[in-house]
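In this text, all values refer to a predicted model and were calculated from it rather than measured experimentally. We use all heavy atoms of the structure for the numbers below, so side chains are in, but hydrogens, waters and symmetry mates are not.
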Amino acid sequence: SVRQVEVLRGPSSALYGNAAGGVISILSERGSAEPYADARIAVGDYGYRRYQLKTAGAAGRLDYLVSLSELQIDGYREHSEAENTQLNSRFLFRFSDNTELGWAISATEQPVSKDPGGVTRADAAANPRAARDRNIDFHAGEALDQQKLGLSFKHAFPDGGDLQPRGYYLARDFRNRLPFTDGGIVSFDRAFAGGGISYTRSFGLGNMQHRVVAGVDHDRQRDDRQRYDNNSGVQGALVFDQLERVTSTGFFVQDEISVSDRLAATLGLRYDDIEFDVVDAFLADGNDSGTRSLDDVSPSIGLLYDVGARHVLYGSIATAFETPTTTEFANPDGSGGFNPSLEPQKSTSYELGVRGGLFESIRYEVAVFKIDVDDELIPFEIASSPDREFFANAGKSERRGIELSLSAEPLPGLDLALSYTWSEFEFDTFVDGQGIDFSGNTIPGIPETFAHADISYVHESGFFAAVDALYTDDLFADNANSAEVSGATIANLRFGLKKTIDQFDVEPFIGVSNVFDTKYTANVRINAFGGRYVEPGPDRTVYGGVSVRFRYAD
């Protein structure tokens, strides 16, 4: 039920706020003018089963979409079973051509999500499907139950102004088992609510056109968090109990200026004020209650110049402000409260690029970037709490690189897409809490080169096929750069046939993941204790299914 995914690279603080070093915006499908009902089933290796029912349409002024899906999988590795049921619904009511109200209701139930854990490279090579013994012994994994309601209102004024208030409420019940005894079971109930309002107006001033958006956001999060001993998967004594509250207020303004027919500029400014408050309810080890207040101003500027012949030059300087989350603020010594030595991460990003078209069917983009980061948040583990991440600031670091992309349609129905990234991310100055100097080392978890290729073909008969390949270079798994994880190239294939029979669209499909049965690491656990950096990825897997859409008659 996803209609569109937008990826905004680089800091986007002006509109999106705290931690917006980049934004992935996922937009749900909208109601259809032609009502329909979908049924979809897919099955595959390692117990993969996915079922979905979806309906969408329009009834007068109301558009609607409702999707219900269920996923079950045994998993490639031992102790990696998962179950997930999701409801996603979106409604839009148009009062008039200028006024509309939208609301979305979603729910997720995830009763089973087992964690096989990270293993050493030697263990992964010997038996990539094996789980870590401790993860099995302590029944490591998590369960989640979540509901969310979102509301949005939009009104367009006759003078060209656009007012958009919005609000949401989220409730989450979370439970996690970690592979150690002391505080190894985590439980919290979260209530997360907030909203905001923005006003957009386009107008002329002198010889320039302006499009200004200004607004305010306000969000509140409340976590009632407990930790218990994990006695081989059985809940033991309470060892941690605290109430965590986060309040965030942000003010923003952004002006998009058409300086001339060829030159445009974007100026942005945001102020965020965030307060963390903890009330310690477990006083046997002392009172760790406290408050931390963090705030920052994030300016940005961007320029775009149309050089003609479908080519555009652009550049930007932008800043981002990222506070630790309540989980990242945890104290490595096991006490309550918030880690007093952990500071927010701040960055300044510089980007210069060119994009455009060649001939009629080729699009390209080339961008070079540099990001200076102060107090970068780096995860690590300790011996007493394996598989639990704590965080430290890394002094100063620098990220620089180049990104290339190319897309083309050489023949009708045939689409090609290529992308390549080269990057060099290093610690400028970083001495950890044990006095170890990592200055000059490569930041772990990020490959130097990364490439992706995708080819898809759709024939007028309804036959379709797609193949993609992803290359990831070697990367370091620890701050010391002493542990290296090998890169790999993974290729995937998918093909099928779409046919229309009266009011039915029938689409059987078959897919093969990891076509060449490559051994690779699906996930790297950064700075994991005991060298357990590796989570092996599945070997060649096959799946298939069918989708049937019924289009209601007029």
Side-chain angles (χ1 to χ4, degrees), residues 1-8 16 20 23-44 48-73 81-94 100-113 142-154 164-175 189-196 217 219 221 494 496 498 504-507 509 511 543 545-552:
S1 56
V2 173
R3 173 172 60 96
Q4 184 175 333
V5 179
E6 297 178 349
V7 179
L8 308 180
Y16 293 95
V23 174
I24 300 177
S25 176
I26 302 175
L27 307 178
S28 296
E29 286 187 48
R30 296 181 176 179
S32 171
E34 183 182 64
Y36 67 84
D38 266 356
R40 180 185 179 92
I41 181 172
V43 297
Y48 170 72
R49 302 174 299 282
R50 188 177 186 92
Y51 315 97
Q52 182 180 25
L53 294 173
K54 181 173 67 174
T55 183
R61 297 182 177 182
L62 177 67
D63 291 351
Y64 63 89
L65 177 133
V66 180
S67 172
L68 179 66
S69 65
E70 180 177 346
L71 168 68
Q72 300 174 11
I73 188 168
E81 298 92 330
E83 296 178 13
N84 182 284
T85 302
Q86 288 189 316
L87 169 70
N88 185 35
S89 62
R90 184 184 186 277
F91 305 89
L92 182 68
F93 185 82
R94 295 180 176 85
E100 62 185 34
L101 173 67
W103 65 98
I105 301 171
S106 63
T108 299
E109 184 179 15
Q110 186 174 296
V112 178
S113 184
E142 63 185 41
L144 166 69
D145 190 9
Q146 176 177 295
Q147 303 83 38
K148 183 178 180 180
L149 170 66
L151 297 171
S152 64
F153 182 81
K154 182 177 181 180
Q164 295 189 50
R166 59 196 178 277
Y168 67 91
Y169 177 81
L170 179 148
R172 174 181 292 180
D173 183 9
F174 178 84
R175 188 174 179 85
D189 293 323
R190 171 172 296 172
F192 190 26
D217 297 323
D219 305 278
Q221 178 176 301
R494 185 176 186 271
K498 184 175 181 178
F504 291 90
D505 295 329
V506 182
E507 184 180 315
F509 57 88
Y543 65 91
V546 62
S547 174
V548 179
R549 170 171 294 191
F550 175 73
R551 291 173 283 105
Y552 297 107

- line: When Gln110, Glu142, Arg190 are each screened for side-chain contact (heavy atoms from CB on, under 4.5 Å) with Phe174, the one that passes is Glu142
statement: side-chain contact (heavy atoms from CB on, under 4.5 Å) test vs Leu68 passes for just one of Leu87, Asn88, Thr55, namely Leu87
Ignoring hydrogens, what is the shortest heavy-atom contact between [X] and [Y]? Give both atom names and the distance.
X	Y	answer
Tyr36	Glu29	OH-OE1, 3.2 Å
Arg61	Arg94	CD-O, 2.9 Å
Tyr169	Ala193	CD1-CB, 3.7 Å
Gly31	Ala56	CA-CB, 4.4 Å
Ile105	Ser89	O-OG, 2.7 Å
Asp219	Gly195	OD1-N, 4.2 Å

task: For side-chain contact (heavy atoms from CB on, under 4.5 Å), just list the numbers for Arg50 and Ser69, CA-CA rounded to whole Å, side-chain angles, deciding distance to a tenth of an Å, and then say yes or no.
output: CA-CA 7 Å; Arg50 188 177 186 92; Ser69 65; 4.0 Å; yes
Starting at [atom1] of [X], measure out to [atom2] of [Y] and round the result to the nearest 0.5 Å.
X	Y	atom1	atom2	answer
Leu144	Glu109	CG	CD	9.5 Å
Asp38	Lys54	CG	NZ	5.0 Å
Trp103	Phe93	CH2	CZ	7.5 Å
Leu170	Gln221	CG	CD	9.0 Å
Ser547	Asp505	OG	CG	8.5 Å
Arg551	Glu34	CZ	CD	5.5 Å

task: Give a yes/no verdict on a cation-pi contact between Arg494 and Phe509, requiring under 6.0 Å between NZ or CZ and the six-membered ring centre and an angle within 45° of the axis.
output: yes
query: Quick one: are Val66 and Phe91 in side-chain contact, heavy atoms under 4.5 Å?
result: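 SC-SC contact between Val66 and Phe91 confirmed.
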message: Parallel, tilted or perpendicular: which one describes the rings of Tyr48 and Tyr543, with boundaries at 30° and 60°?
response: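 Taking Tyr543 first and then Tyr48, their aromatic rings stand perpendicular (interplane angle over 60°).
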message: Go through it in stages, so that I can follow the logic: the residues are Asp173 and Gln147, the test is side-chain contact (heavy atoms from CB on, under 4.5 Å), and I'd like the CA-CA distance, side-chain angles, deciding distance and then a yes or no.
response: CA-CA 9 Å; Asp173 183 9; Gln147 303 83 38; over 6 Å; no
query: Under the 3.5 angstrom rule, does the side chain of Arg3 hit a backbone N or O of Ser28 as a donor-acceptor pair?
result: yes
- request: Considering only NZ, NE, NH1 and NH2 on the basic side and carboxylate oxygens on the acidic side, decide whether Asp63 and Arg90 come within less than 4.0 Å.
  value: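 The answer is no: the pair does not qualify as a salt bridge.
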- prompt: With no hydrogens and no angle check, do the side chains of Gln52 and Ser67 hold a donor and an acceptor under 3.5 Å apart?
  reply: yes
